[in-house]
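What follows is a set of notes on a single structure, which appears directly below.
Indexing begins at 1, ligand by ligand and atom by atom, following the structure's order. The first residue in the sequence is number 1, and the count goes up from there.
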Amino acid sequence: MSRRLGVLISGRGSNLQSIIDAIRLGELLASIAVVISNRPEAAGLLRAQEAGLDTLCLRQKDYESRDAYDAALAGALRAKGVDLVCLAGFMRLVGKPLLEAFHNRMLNIHPSLLPAFPGLDAQRQALDHGVKVAGATVHLVSDVLDGGPIVAQAAVPVLVDDTVETLSARILVEEHRLYPRAIATVLDGGWRIEGRRFVLEQASAGAAG
Ligand code: GAR
């Protein structure tokens, strides 16, 4: 896999920013070939433009079907030579044309310790459930909502006086650390999928002889 990323956003873009920053700092050896938003008002588009990145806004309503929209996303990503797609707050279910174009080459970050609390409002779900530990998950995207093989997770405590805002902020700090590292892990290769597990192969150094 070469190291050209396509980042898909819908809003604020703080995870996009963490990827931009990690690349700038040399912590993530990759380049961002394009940032695509499904919402023209996404603040993340401004961040991308300020970083000098190519941006695109593709809106679902300009396409006649979900499949046509997903095919357009796949086409735009391919045209930019993207190898790995990173969903970063892309608040839309990914359909078959895009999944097939980037099979096992699409990552998502989700603000819960999956498989707990998939879908919307994960932090509220965690608070309502009364869990004592919450966190974030980076996973490969499959046709199951927030259900693909897990690449990396980070946990945070849930405090007695937490609100959705305070818990979300604590999780977000971990997201910003986690996502660039998980992207690097996937780009570096040396992994395989077994069943629904993402398995890192042991370093072969020292194994010979
Ligand atoms: C992040 O917390 C991300 O985990 C979440 O949206 C937020 C986007 O923030 N994604 C999901 O809930 C996907 N199911 P950002 O735009 O600042 O990166």
Nearest non-hydrogen partners of V35 and L45, listed with the distance: O-CD2, 4.5 Å
Geometric N/O contact M91 with ligand 1, under 3.5 angstrom: no
Any A122 heavy atom less than 4.0 Å to ligand 1: no
Crowding at CD, E64 (>12 non-hydrogen neighbours, <6.0 Å): no
R192, CZ: over 12 other non-hydrogen atoms inside 6.0 angstrom: yes
From the candidates H176, R92, E175, R47, the one that places a heavy atom nearest atom 1 (C) of ligand 1: E175
Nitrogen or oxygen of S14 less than 3.5 angstrom from that of ligand 1: yes
For atom 8 (C) of ligand 1, the protein heavy atom that lies nearest, with its residue and separation: G89 CA, 3.6 Å
Closest contact, heavy atoms only, A154 versus L113: O-CD2, 3.5 Å
Polar atom proximity, H110 to ligand 1 (N or O, under 3.5 Å): yes
Side-chain donor or acceptor of S37 paired with backbone N/O of A42 under 3.5 Å: no
Basic-acidic side-chain contact under 4.0 Å: E50, R47: no
For M106, the option from L140, V85, V186 that meets side chain to side chain contact (heavy atoms under 4.5 Å, CB included): V85
Nearest neighbour in protein (non-hydrogen) for atom 12 (O) of ligand 1: P111 CD, 3.3 Å
I109 touching ligand 1 at heavy-atom level, < 4.0 angstrom: yes
Closest protein heavy atom to atom 7 (C) of ligand 1, given as residue, atom name and distance to 0.1 Å: R12 NH2, 4.1 Å
Residue-ligand contact G13/ligand 1, heavy atom below 4.0 Å: yes
